[in-house]
Amino acid sequence: MNMERRILLVEDEPGLVMTLGDRLRSEGHHVESAADGQTGFDMACGEAYDLIILDIMLPRKNGMDVCRDLRQRGVPTPILMLTARGQTVDKVVGLKIGADDYLTKPFEMMELLARVEALLRRVPAFAGAGGVYQFGAIRLDVRRTEVTLHGKPVTLSAKEFQLLRYLAEHRGTTVSRETLLSEVWGYGAVTSSRTVDVHVAWLRQKLEEDSRQPQWILTVHGLGYRLAG
Ligand code: CA
């Protein structure tokens with residue numbers, strides 16, 4: 001039996017988006033789509049997908065650049081590239097910059113589904129839609145209480161996990177130390193705002209490439225913390 005998987009389809013041909021989307025949904029998958037490369041890139045950076053189907057010829061940012069930049073950001077999601085007939089150079093370059101497989105247009109639907117299933121077998125299934133956050137190489141799965149970095153599990157204390165979760169759920173907005181104290185530690189807990197700072201430092205040590213120059217868990221001076229998004 002198929003488990004629902006989250007697939008991001010980055011393709012600018014509406015007809016193909018519709019047929020492919022319908023077919024993948026009929027296979028039991030959750031499908032989201034982006035009609036240009038930049039939107040696709042932003043979606044793939046912000047949310048966790050099990051697979052990205054990526055066209056090469058796209059408006060705003062071509063598929064090659066999207067693929068290369070996603071890998072540079074540490075996003076590990078398998079990528080199936082769609083190339084036009086005869087773009088052999090693209091195929092070689094595509095695999096070199098981090099695509100996992102490619103398919104030449106026009107293709108048979110059965111062929112595409114076979115490739116999709118083969119790639120999905122490689123990645124462990126998520127607990128379905130929602131509750132999974134991706135920021136760079138960091139993946140936070142709320143339902144499974146699991147955090148991975150470059151695909152490897154990271155052990156967090158309960159408070160560290162709750163803190164990260166709160167920041168992820170409010171991604172892009174600045175959260176004050178007071179709010180974090182009351183939301184994560186609870187009112188009346190014997191803590192000071194220094195407690196928040198210490199836990200943020202621990203999280204950075206476990207998750208950031210360089211904890212002194214954090215890319216994700218940012219300090220907003222005089223205000224609090226913000227998860228980049
Ligand atoms: Ca295209």
Side-chain angles (χ1 to χ4, degrees), residues 3-8 29-30 32 40-52 67 69-79 98 100 119-186 189 191 193-220 224-229:
M3 200 172 303
E4 184 190 63
R5 297 304 197 95
R6 290 168 58 79
I7 299 175
L8 175 63
H29 300 303
H30 172 85
E32 292 175 19
F41 176 77
D42 293 341
M43 287 171 79
C45 284
E47 270 200 72
Y49 295 94
D50 294 299
L51 175 70
I52 300 167
C67 180
D69 291 354
L70 283 176
R71 293 306 187 233
Q72 268 174 9
R73 280 258 199 137
V75 175
T77 315
I79 294 175
D100 296 86
L119 287 170
L120 286 177
R121 273 196 294 274
R122 290 195 208 164
V123 285
F126 292 127
V132 184
Y133 301 89
Q134 178 91 40
F135 22 107
I138 306 162
R139 179 173 282 189
L140 164 66
D141 187 328
V142 171
R143 286 191 223 177
R144 290 181 163 199
T145 357
E146 193 177 79
V147 176
T148 59
L149 177 63
H150 293 292
K152 296 193 181 74
V154 178
T155 308
L156 298 184
S157 72
K159 285 295 176 232
E160 287 165 1
F161 184 86
Q162 288 166 33
L163 179 59
L164 184 65
R165 175 187 178 167
Y166 193 87
L167 290 172
E169 286 170 346
H170 298 82
R171 189 171 184 175
T173 52
T174 301
V175 186
S176 71
R177 287 176 178 78
E178 292 68 31
T179 302
L180 288 170
L181 269 179
S182 65
E183 295 294 330
V184 176
W185 279 267
T191 45
S193 59
R194 173 89 187 116
T195 308
V196 177
D197 299 336
V198 169
H199 281 77
V200 164
W202 286 338
L203 269 182
R204 282 174 176 161
Q205 273 171 23
K206 291 179 179 180
L207 299 173
E208 298 275 3
E209 299 285 330
D210 179 352
S211 58
R212 286 160 307 172
Q213 289 182 311
Q215 263 190 293
W216 298 105
I217 306 163
L218 309 177
T219 302
V220 184
Y225 295 102
R226 173 170 65 87
L227 188 71

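These numbers come from a predicted model, not from an experiment.
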A.B. asks: Could you pull out the closest heavy-atom pair between V75 and Q134, with the gap in Å?
C.D. replies: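 In this case the closest contact between V75 and Q134 is CA-NE2, 4.4 Å.
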A.B. asks: Would a 4.5 Å heavy-atom cut-off, applied to side chains only, mark V196 and Y225 as touching?
C.D. replies: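 The answer is yes; the side chains approach within 4.5 Å.
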A.B. asks: Within a radius of less than 6.0 Å around CD of Q205, do more than 12 heavy atoms belonging to other residues, nucleotides or ligands occur?
C.D. replies: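 Atom CD in Q205 is crowded, with more than 12 foreign heavy atoms closer than 6.0 Å.
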A.B. asks: Could you give me the CA-CA distance, side-chain angles and deciding distance for W185 and H199, then say whether side-chain contact (heavy atoms from CB on, under 4.5 Å) is met?
C.D. replies: CA-CA 11 Å; W185 279 267; H199 281 77; 3.5 Å; yes
A.B. asks: Is there a side-chain contact (heavy atoms from CB on, under 4.5 Å) between Y133 and E169? Walk through the geometry before answering.
C.D. replies: CA-CA 9 Å; Y133 301 89; E169 286 170 346; 3.2 Å; yes
A.B. asks: Donor-acceptor check, side chain of D50 to backbone of R6, threshold 3.5 angstrom: yes or no?
C.D. replies: yes
A.B. asks: Checking R71 side chain against G98 main chain: does a donor-acceptor pair fall under 3.5 Å?
C.D. replies: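 Checked: pair present.
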A.B. asks: Could you check whether any side-chain N or O of T173 sits under 3.5 Å from a backbone N or O of H170, counting only pairs where one atom can act as donor and the other as acceptor?
C.D. replies: yes
A.B. asks: Any donor and acceptor pair, going by atom type alone, linking the side chain of R73 with main-chain N or O of A137 inside 3.5 Å?
C.D. replies: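 Looks like no, no N/O pair under 3.5 Å.
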A.B. asks: Of V147, L156, L164, L149, which meets side chain to side chain contact (heavy atoms under 4.5 Å, CB included) against K206?
C.D. replies: L156
A.B. asks: Salt-bridged, D197 to R204, with N to O below 4.0 Å?
C.D. replies: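 Looking at R204 together with D197, the answer is no, because their closest N to O distance does not fall below 4.0 Å.
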A.B. asks: Between L227 and L167, which heavy-atom pair has the shortest distance, and what is it?
C.D. replies: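 Nearest pair, atom of L227 first, then L167: CB-O, 3.8 Å.
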A.B. asks: Less than 4.5 Å apart, side chain to side chain, heavy atoms only: is that true for L8 and E47?
C.D. replies: no
A.B. asks: When you measure from the side chain of D100 to the backbone N and O of I79, does any donor-acceptor pair fall under 3.5 Å?
C.D. replies: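 Flag set: sc D100 to bb I79 pair under 3.5 Å.
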